[in-house]
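Here it is, the structure in full.
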Number of protein chains: 2
Amino acid sequence: MKQKEIKIPEATIKRLSTYINCLERLDAEGFQVVSSELLGESCQVSPAQIRKDLSYFGEFGVRGVGYGTKNLAEQIKKILGLDKIWPTVLVGVGHLGHALLNFTFFREHGYRMVAAFDNDPGKIGREVTTDVIIHPIEKLVEITREERAAIGIITVPASSAQETADRLVEGGVKGILNFAPNKVKVPENVTIRNVSIVSELDNLAYLLSKKHGRRRLTRKKTISRPPKL
Amino acid sequence: MKQKEIKIPEATIKRLSTYINCLERLDAEGFQVVSSELLGESCQVSPAQIRKDLSYFGEFGVRGVGYGTKNLAEQIKKILGLDKIWPTVLVGVGHLGHALLNFTFFREHGYRMVAAFDNDPGKIGREVTTDVIIHPIEKLVEITREERAAIGIITVPASSAQETADRLVEGGVKGILNFAPNKVKVPENVTIRNVSIVSELDNLAYLLSKKHGRRRLTRKKTISRPPKL
DNA sequence: TTGTTAATGTGATAACTATCACGATAGCCG
DNA sequence: CGGCTATCGTGATAGTTATCACATTAACAA
């Protein structure tokens with residue numbers, strides 16, 4: 001493995017997360033050792049791709065044998081920083097926010113929901129099925145700072161997404177996961193990830209209309225012009 | 001624009017979806033015409049990238065002027081197949097499923113939720129805030145076929161994701177959006193998109209531990225080996 | 001100890017994607 | 001109506017990511 005600050009492909013990081021899942025499943029199925037081929041089969045990634053991805057971070061396997069299932073999962077977690085606890089806050093306890101609060105997977109992966117916020121007085125203070133307390137939105141900055149939350153999750157309507165992001169930054173979070181459909185801007189030193197559910201569906205729609213659609217999108221040289229300006 | 005069956009980058013399709021959003025916002029702000037620079041500013045994509053993306057499908061702008069805001073949004077929708085109605089079913093009316101059913105954005109983008117399914121008798125038949133009816137899961141294949149649903153959304157627990165996918169395929173859907181954390185397998189002729197919320201968070205965790213972490217991940221040549229096999 | 005086998009780790013190569021730079025052109029104004 | 005300006009559309013180029021092919025090596029058996 002190389003020592004220089006090699007740039008890791010973003011796609012590699014995405015895959016690492018899925019490897020963990022597959023490894024845990026394979027482990028549960030009784031595989032103490034997995035080959036890149038078996039793991040690849042399991043998570044639909046080519047064996048070569050898996051080996052390459054891992055090679056960016058070190059050597060985790062035994063030639064001629066494979067990878068220790070539990071060990072590899074452990075190592076990948078360390079790579080992704082999932083061996084630490086990430087204090088997290090969530091803003092906007094609507095349907096989606098509620099869903100995320102109850103998503104047990106988070107806790108298992110090292111994320112600790114330390115607080116939630118909403119501007120609906122009916123929801124304030126009430127504890128959900130989890131032990132997370134919902135605070136009024138006015139306390140966002142204060143509590144986020146107090147709890148030293150590193151990550152903020154935005155599940156508010158599009159119209160207030162940017163303002164929410166600003167407050168989270170003010171509260172000192174270092175990363176934001178935004179589920180609102182419009183992208184938000186944050187300072188250099190804060191990392192933002194936008195999850196657009198609609199985009200995913202639109203992507204599907206495109207693939208479907210291409211494969212199963214009646215006619216081609218662009219058959220002629222015809223140009224679609226905007227109305228005269 | 002070229003006529004041959006050029007391969008469109010997947011990334012381009014993803015961006016097109018976000019362009020629609022930005023265009024609608026800009027339109028609401030009163031911009032009847034937008035330049036690639038303004039649009040780029042708005043959705044955080046380089047102007048050249050936008051022009052390139054659009055050039056795969058035709059010429060939509062006016063040199064020296066820009067793009068007609070409304071027109072461009074319309075054209076992109078046509079490209080993505082959002083000018084048609086996509087009958088959609090949802091399986092698993094838990095928190096997340098509930099959230100998606102109530103997501104008005106879907107309807108606005110051409111997706112019509114024609115039915116939902118759940119195996120909890122308490123939820124069956126009850127209408128949610130929307131006009132979607134929740135059926136017992138046993139009727140999935142039948143109703144999906146009846147309604148000619150093209151898209152299926154999976155929001156069931158990981159353990160039953162694969163079985164749900166199988167039934168959706170049996171019911172005749174052409175595309176599946178899977179929110180369960182484990183990937184599912186489908187036949188060649190069905191398109192699958194996996195949305196992994198945990199992966200997104202893990203990605204964030206990685207970036208944060210790299211930027212703000214105490215120490216580097218791989219400082220020495222040390223190799224992490226699995227326990228002797 | 002030495003040969004055999006299986007599966008890793010990785011340099012080289014191919015494929016894909018984004019960026020750049022500039023030619024083309026519509027609109028405007030005098 | 002001709003020159004000027006703004007902005008598009010796109011071929012060429014640079015950068016990034018995935019695939020391939022094989023040398024390497026741990027385990028095991030005779």
Q. Hey, is B/R15 close enough to B/D53 for a salt bridge, meaning N to O under 4.0 Å?
A. yes
**Q.** For atom CD1 of A/I50 and atom P of C/dA7, their distance in whole Å
**A.** 14 Å
Q | Pair B/E37 + B/R51: basic N to acidic O under 4.0 Å | A | no
Q) Any ion pair linking B/E74 and B/K78 (charged N to carboxylate O, less than 4.0 Å)? A) no
Q) Rounded to whole angstroms, how far apart are CG on B/L38 and C1' on D/dA6? A) 14 Å
Q. What's the CG-P distance between A/N71 and C/dT8, to the nearest Å?
A. 14 Å
Q. Just how far, in rounded Å, is C1' of D/dC8 from CD of B/E59?
A. 9 Å
Q) Which comes earlier along DNA chain D counting from the 5' end, the contact point of B/V34 or that of A/I8, where each point is its nearest nucleotide? A) B/V34
Q: Kindly point out which of C/dC22, D/dT16, C/dT17 is positioned nearest to the side chain of A/K7?
A: D/dT16
Q. Rounded to whole angstrom units, what separation is found between the CG atom of A/L16 and the C1' atom of D/dT17?
A. 14 Å
(Q) Does D/dC8 have OP1 or OP2 under 4.0 Å away from a side-chain N or O of B/S36? (A) yes
Q) Is there a donor-acceptor contact under 3.5 Å from the side chain of B/T144 to the main chain of B/G171? A) no
Taking only N/O atoms, report every protein-nucleotides 18-20 of chain D pair under 3.5 Å with atom names and distance.
from: D/dA18; atom 1: OP1; to: A/R15; atom 2: NH1; distance (Å): 2.9
from: D/dA18; atom 1: OP2; to: A/R15; atom 2: NH2; distance (Å): 2.9
from: D/dT19; atom 1: OP2; to: A/Q49; atom 2: OE1; distance (Å): 3.2

Filtered N/O pairs between nucleotides 23-25 of chain D and protein, under 3.5 Å:
from: D/dT24; atom 1: O2; to: A/R63; atom 2: NH1; distance (Å): 2.9

Q.
Are there over 12 heavy-atom neighbours, none belonging to B/E41, within less than 6.0 Å of that residue's CD?
A. no
Q: Please state how far atom CG in B/L39 lies from atom C1' in D/dG9, giving the value in whole angstrom units.
A: 16 Å
Q: Could you tell me whether a side-chain N or O of A/S209 sits under 3.5 Å from a main-chain N or O of A/Y206, the two making a donor and an acceptor?
A: yes
Q.
If I take atom CD in residue A/E10 and atom P in nucleotide D/dT17, what distance separates them, rounded to the nearest angstrom?
A. 8 Å
Q. Are B/E10 and A/K210 within salt-bridge range, i.e. N to O under 4.0 Å?
A. no
Q | Length of the CZ-P vector between B/R51 and C/dA21, whole Å | A | 12 Å
Q) Taking it one step at a time, do A/N178 and A/N194 satisfy side chain to side chain donor-acceptor pair (under 3.5 Å)? A) CA-CA 5 Å; A/N178 175 34; A/N194 294 288; 2.9 Å; yes
Q) Does a salt bridge link A/D83 with A/K77, judged by any charged N lying under 4.0 Å from a carboxylate O? A) no
Q) Just to confirm, is there a sub-4.0 Å distance from OP1 or OP2 of D/dG9 to any side-chain nitrogen or oxygen of B/Y67? A) yes
